[in-house]
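Accompanying notes for the structure given below.
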Amino acid sequence: MKIATWNVNSLKVRQQHVTDWLETSQTDVLCLQELKLPDEKFPRAELEAKGYRSWFAGQKTYNGVGILVREGLVVDETSIVRNIPGFEDPQQRVIAATIEGVRIISAYFPNGQAPGTEKFAYKLRWLDALHDWISGELAQHPKLALLGDYNIAPEDRDVHDPKAWEGQNLVSPEERAQFVRLVELGLVDAFRKFEHPEKTFTWWDYRMLAFRRNAGLRIDHILLSNALAGSCTSCDVDRVPRKWDQPSDHAPVIAEIG
DNA sequence: ATGGCCTTAGTTTAAGGA
């Protein structure tokens, strides 16, 4: 089963990219972030026509997450969870579903703006809540995958210019400690199971010709429970859609499991 | 050089992203 994550920065603008990429990548389960549309505007029928069912938690203008599932895969309809249970939040950042017996979670972690700001404090609170929820989810679902835009570059090798970024949002010690705490629940960074060229990133700023200069960060991740990590045979970033016209600033990350 | 670009809302500039 091929599972993937992609922050599309507006599904309305990127709908054609998504359907084109699903076709070329042969992805079975695609987790989306930054839909930027309310549920009534979600292109459910159009995706269905392309062979994918969808579950989503949208909102106007900001955030919004979804999971697209290839026709024929078994989805437990009673398993759908939106948002982090017990964490009151109008921002739609999480949706979970059990697909073919695998707990799949699509998550859009808060950006955080900058250390010291209210948005950064919200990011840390959100990460605390996510940690505690995932801990319980792992107990119930040994086969679990947490996919999404983490808005955290876990290590300096995930940053094009670690000196320039030192201590800043997305790389700060507090955020990296939270990433480690998640991993310590019994999760594996699928990407790091395999060899990759140095400076493999998932996001590049629209400005400053950042993509052409490969001035990026690796902030989109697929974390697998130990039970799943053993059966993971690949995990790669697909930079190709970042070269298309009117691209998202993120590239999809795809892993093959089971 | 503290900006640069893109999306949304909505109508003209501002907020948010990362």
Side-chain angles (χ1 to χ4, degrees), chain A residues 5-18 21 31-43 56-66 89-94 106-127 130 147-179 191 199-221 237 239 241-253:
Chain A
T5 180
W6 195 5
N7 178 327
V8 290
N9 184 19
S10 168
L11 181 56
K12 183 186 168 194
V13 176
R14 237 65 70 187
Q15 190 176 326
Q16 187 68 46
H17 284 198
V18 168
W21 189 73
C31 295
L32 297 174
Q33 298 87 37
E34 285 211 88
L35 305 177
K36 293 189 171 179
L37 44 77
D39 286 350
E40 60 270 23
K41 295 256 179 75
F42 192 97
F56 43 86
Q59 71 180 86
K60 201 175 165 184
T61 314
Y62 302 118
N63 310 311
V65 288
D89 192 354
Q91 303 185 33
Q92 303 300 307
R93 297 184 173 279
V94 170
S106 176
Y108 175 45
F109 291 39
N111 171 286
Q113 195 171 56
T117 63
E118 176 50 43
K119 289 198 175 106
F120 192 80
Y122 162 71
K123 183 178 195 172
L124 296 182
R125 282 200 308 278
W126 189 93
L127 284 161
L130 180 76
L147 307 90
D149 175 0
Y150 283 58
N151 271 318
I152 301 173
E155 300 177 50
D156 277 354
R157 60 180 166 158
D158 301 313
V159 180
H160 68 96
D161 186 348
K163 268 274 190 320
W165 277 84
E166 194 175 358
Q168 295 204 49
N169 193 43
L170 313 183
V171 310
S172 74
E174 297 99 309
E175 293 162 82
R176 286 178 168 177
Q178 288 280 16
F179 186 89
F191 181 82
K199 298 186 181 297
T200 299
F201 304 126
T202 67
W203 170 84
W204 303 262
D205 201 309
Y206 283 123
R207 299 165 291 186
M208 304 175 288
L209 307 170
F211 184 65
R212 253 171 50 183
R213 296 188 295 117
N214 195 31
L217 304 174
R218 191 176 72 94
I219 53 177
D220 301 85
H221 308 295
V237 179
R239 296 164 50 100
R242 189 63 175 78
K243 302 171 188 170
W244 293 345
D245 281 346
Q246 254 198 307
S248 167
D249 43 357
H250 295 254
V253 184

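Each chain gets a letter, A, B and so on, in the order the sequences are listed, and its residues count up from 1. FYI, side chains are in, hydrogens and waters are out, and symmetry mates aren't considered; it's all heavy atoms of this structure. All values derive from a computational prediction rather than experimental measurement.
- Rounded to whole Å, the P atom of B:dA15 lies 14 Å from the corresponding atom of B:dG3.
- Contact record, A:Lys36 with A:Asn9: NZ-OD1, 2.8 Å, taken as the closest heavy-atom pair.
- Atom CG in A:Asp245 sits about 14 Å away from atom C1' in B:dC6, given to the nearest Å.
- For DNA chain B, the residues of residues 150-167 of chain A within the heavy-atom distance limit of 4.0 Å (strictly under) are A:Asn151, sorted by number.
- Contact annotation: A:Arg14 side-chain N/O to B:dC6 OP1/OP2 distance is not under 4.0 Å.
- One can place NZ of A:Lys41 at 7 Å from P of B:dA9, the figure rounded to the nearest angstrom.
- Residue A:Gln168 is classed as having no contact, given no heavy-atom separation below 4.0 Å to the nucleic acid.
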Using a cutoff of under 3.5 Å, can you pull out all pairs of nitrogen or oxygen atoms linking the protein to nucleotides 1-5 of chain B, with atom names and distances?
none

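- Screening residues 166-176 of chain A for salt bridge (Lys or Arg N to Asp or Glu O under 4.0 Å) gives A:Lys123-A:Glu175, A:Asp156-A:Arg176 as the qualifying pairs, with residues at least two apart or on separate chains.
- Remark: P of B:dT8 and CG of A:Leu11 are 10 Å apart, rounded to the nearest angstrom.
- A:Asn7 comes within 4.0 angstrom of the backbone, heavy atoms only, and of no base.
- A salt bridge does not link A:Lys60 to A:Glu40: none of the charged side-chain nitrogens sits closer than 4.0 Å to a carboxylate oxygen.
- Across A:Gln113 and A:Asn111, no two heavy atoms sit closer than the pair N-OD1, 2.7 Å.
- A donor-acceptor contact shorter than 3.5 Å is absent between the side chain of A:Arg239 and the backbone of A:Phe211.
- Residue contacts shown for A:Leu209 are absent, as no nucleic acid heavy atom lies under 4.0 Å away.
- Across the protein-nucleic acid pair, A:Gln113 atom CD and B:dG17 atom C1' stand 10 Å apart, rounded to whole Å.
- In terms of position on DNA chain B, the residue among A:Leu35 and A:Pro110 whose nearest nucleotide sits closer to the 5' end is A:Leu35.
- Between A:Lys12 and B:dT7, a side-chain N or O to OP1/OP2 separation shorter than 4.0 Å is absent.
- Taking the ring centroids of A:Trp6 and A:Trp21, they lie under the 6.0 Å cut-off.
- Relative orientation of the A:Phe42 and A:Phe56 rings is parallel, given thresholds of 30° and 60° on the angle between their planes.
- Distance, A:Asp220 CG to B:dG17 C1': 13 Å, rounded to whole Å.
- One interatomic measurement links the two molecules: NZ of A:Lys60 to P of B:dA15, which rounds to 17 Å at whole-angstrom precision.
- Taking 4.5 Å as the limit, some side-chain heavy atom of A:Tyr122 sits within range of a side-chain heavy atom of A:Asp89.
- At the phosphate of B:dA18, OP1 or OP2 sits under 4.0 Å from a side-chain N or O atom of A:His250.
- Atoms OH (A:Tyr122) and P (B:dA18) sit 12 Å apart, rounded to a whole Å.
- Without hydrogens or angle criteria, A:Ser248 side chain to A:Asn7 main chain gives a donor-acceptor distance under 3.5 Å.
- Side-chain contact between A:Arg242 and A:Asp249 is present, with at least one heavy-atom pair separated by less than 4.5 Å.
- Atom CG in A:Asp249 sits about 10 Å away from atom P in B:dC6, given to the nearest Å.
- Of the two residues contacting DNA chain B, namely A:Glu34 and A:Thr61, the nearest-nucleotide position lying further toward the 5' end is that of A:Thr61.
- Applying the 4.0 Å criterion to OP1 and OP2 of B:dC6, one finds that A:Asn9 has every side-chain N and O outside that range.
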